[in-house]
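Just the heavy atoms: all of them, side chains too, but no hydrogens, waters or symmetry mates, feed the values below.
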Amino acid sequence: MGAFAERVTRRFRIDRSELAFIKRLEETPVAVKRGQTIVQDGDPADRAFVLLAGWVMSSSRFPDGSQQVRRLHFPGDLLAMPSVPLRHHAEWLEALSDAVIAPFSKLLLAELFTMPRLAGIMYMFAQAERVTIGDRLASLGHDSARGRIAFLLVDILHRLRSADASVATSFFLHLTREQVAHAVGITPVHASRMWSGLIADGLIRCEGRTVTIVNEQALAHVGHYADHDSDLDFRWLRAVEAATVAAAGDRARS
């Protein structure tokens with residue numbers, strides 16, 4: 001079972017046809033190297049991807065060669081989904097580590113709407129991601145540099161856990177200090193200073209590139225991080241299922 005299928009089945013009961021559809025999304029794995037560009041802004045948006053292993057970054061690139069991190073992606077994430085309604089990709093995707101992706105034609109997603117429950121599940125994931133992106137933007141606009149880094153680290157930990165039950169409090173950070181600085185909108189020197197402060201305060205521990213969150217609750221408080229992943233409203237999904245059954249009954253009687 002691939003990373004996205006694992007992410008779905010850890011939270012939801014799905015039937016064989018729904019699982020078979022997800023497996024079709026994951027059936028053509030392709031290895032990519034660290035630093036490899038997966039798509040560029042302006043490329044034809046004919047495909048999306050499942051990230052099966054490794055880390056990927058989406059970003060905007062500017063004429064002066066600089067970039068702005070949009071989002072970090074971890075195993076179980078769907079890549080390039082914001083560009084599905086478009087003719088061309090709206091962002092760059094670059095592998096932050098050696099990774100495995102599974103490209104699939106975006107036309108395949110049309111079949112999703114014959115499975116309302118699975119469509120509802122993917123809608124829930126998309127909206128939860130949208131909320132987290134909003135939280136990150138709020139952190140960038142409101143929090144101190146220390147708070148922004150705290151938010152980033154807790155967000156990474158929670159999102160890695162969402163697809164891998166073995167993740168406890170540690171992870172290998174595939175970001176350089178410069179990339180951390182870009183992700184939170186500060187200079188590398190300032191990022192290094194704030195990072196050292198979190199270590200000195202006993203909130204995190206670092207051994208090489210392995211980061212351990214020592215006091216998750218306190219770090220989340222510093223970063224004003226809210227755990228929306230545990231707040232999914234399953235009643236709403238049951239309402240989708242009930243509406244689907246009712247609609248099928250209406251069609252049968254007509």
Side-chain angles (χ1 to χ4, degrees), residues 3 6-7 10-11 34-35 51 53-59 66-77 94-99 125 127-232:
E6 173 69 18
R7 183 181 173 195
R10 282 186 63 197
R11 290 167 178 76
R34 177 176 179 171
L51 180 55
W55 290 25
V56 167
M57 174 178 68
S58 59
S59 66
S66 62
Q67 64 177 342
Q68 176 61 52
V69 177
R70 289 180 175 228
R71 187 161 173 80
L72 303 177
H73 300 277
F74 309 113
D77 282 356
E94 175 188 339
L96 289 172
S97 69
D98 289 349
F125 279 144
Q127 295 308 306
E129 179 176 319
R130 182 179 179 184
V131 169
T132 303
I133 291 172
D135 287 349
R136 177 175 177 270
L137 288 175
S139 175
L140 290 174
H142 176 271
D143 282 343
S144 65
R146 174 183 170 90
R148 296 179 197 181
I149 293 177
F151 181 96
L152 176 69
L153 293 175
V154 178
D155 185 47
I156 290 172
L157 181 67
H158 281 225
R159 292 178 57 207
L160 289 172
R161 281 178 182 161
S162 73
D164 186 351
S166 70
V167 175
T169 60
S170 299
F171 56 86
F172 187 89
L173 184 66
H174 291 286
L175 293 168
T176 65
R177 292 294 173 88
E178 185 174 1
Q179 288 171 326
V180 169
H182 286 162
V184 299
I186 59 178
T187 66
V189 171
H190 197 29
S192 182
R193 187 161 56 246
M194 295 301 100
W195 189 278
S196 296
L198 293 174
I199 294 173
D201 291 343
L203 298 180
I204 64 174
R205 184 173 65 250
C206 298
E207 298 171 344
R209 299 283 290 275
T210 298
V211 177
T212 299
I213 308 300
V214 177
N215 191 332
E216 184 176 333
Q217 183 176 359
L219 193 66
H221 179 74
V222 170
H224 302 106
Y225 184 87
D227 179 15
H228 300 295
D229 192 60
S230 63
D231 195 37
L232 294 177

Minimum heavy-atom separation for [X] to [Y], with atom names?
X    : Y    : value
E178 : P188 : CG-CG, 4.2 Å
S192 : R177 : OG-NH1, 4.1 Å
A150 : L198 : N-CD1, 4.4 Å
M57  : H73  : C-CD2, 4.3 Å
L160 : P75  : CD2-CD, 4.4 Å
A145 : M194 : CB-CG, 3.7 Å

- Using a strict cut-off of less than 4.0 Å between a Lys/Arg side-chain nitrogen and an Asp/Glu carboxylate oxygen, indicate whether D77 and R7 qualify as a salt bridge. yes
How far does [atom1] of [X] sit from [atom2] of [Y], to the nearest 0.5 angstrom?
X    : Y    : atom1 : atom2 : answer
I133 : R71  : CD1   : CZ    : 4.5 Å
D164 : F74  : CG    : CZ    : 12.5 Å
L203 : L219 : CG    : CG    : 5.5 Å
S170 : E207 : OG    : CD    : 7.5 Å
S162 : E6   : OG    : CD    : 10.0 Å
I149 : D143 : CD1   : CG    : 11.5 Å

- Item | Residue among D227, L157, L153 satisfying side-chain contact (heavy atoms from CB on, under 4.5 Å) with E216 | L157
With heavy-atom distances below 4.5 Å as the criterion, would you say the side chains of [X] and [Y] are in contact?
X    : Y    : result
D135 : Y225 : no
D201 : N215 : no
R161 : T169 : yes
L152 : L72  : yes

- Query: Does NZ or CZ of R11 fall inside the cone over F125's six-membered ring, less than 6.0 Å from its centre and within 45° of the axis?
  - Reply: no
- Trace of the side-chain contact (heavy atoms from CB on, under 4.5 Å) decision for R146 with V222: CA-CA 8 Å; R146 174 183 170 90; V222 170; 3.9 Å; yes
- Task: Go through V211 and W195 one step at a time and tell me if the side-chain contact (heavy atoms from CB on, under 4.5 Å) criterion holds.
- Result: CA-CA 11 Å; V211 177; W195 189 278; 3.9 Å; yes
- Should the heavy atoms of other residues, nucleotides or ligands under 6.0 Å from CZ of R10 be counted, would the total exceed 12? yes
- Exceeds 12 heavy-atom contacts within 6.0 angstrom, atom NE2 of H221: no
- Message: Test side-chain contact (heavy atoms from CB on, under 4.5 Å) on H224 and F151; report intermediate values, then the result.
- Response: CA-CA 7 Å; H224 302 106; F151 181 96; 5.9 Å; no
- Task: Check the pair H228, Q127 against side chain to side chain donor-acceptor pair (under 3.5 Å), reporting the backbone distance first and the verdict last.
- Result: CA-CA 10 Å; H228 300 295; Q127 295 308 306; over 6 Å; no
- So, the side chain of R136 versus the backbone of R70: is there a donor-acceptor pair under 3.5 Å, distance only? yes
- Task: Please step through side-chain contact (heavy atoms from CB on, under 4.5 Å) for the pair V69 and Q67, ending with a clear verdict.
- Result: CA-CA 7 Å; V69 177; Q67 64 177 342; 5.6 Å; no
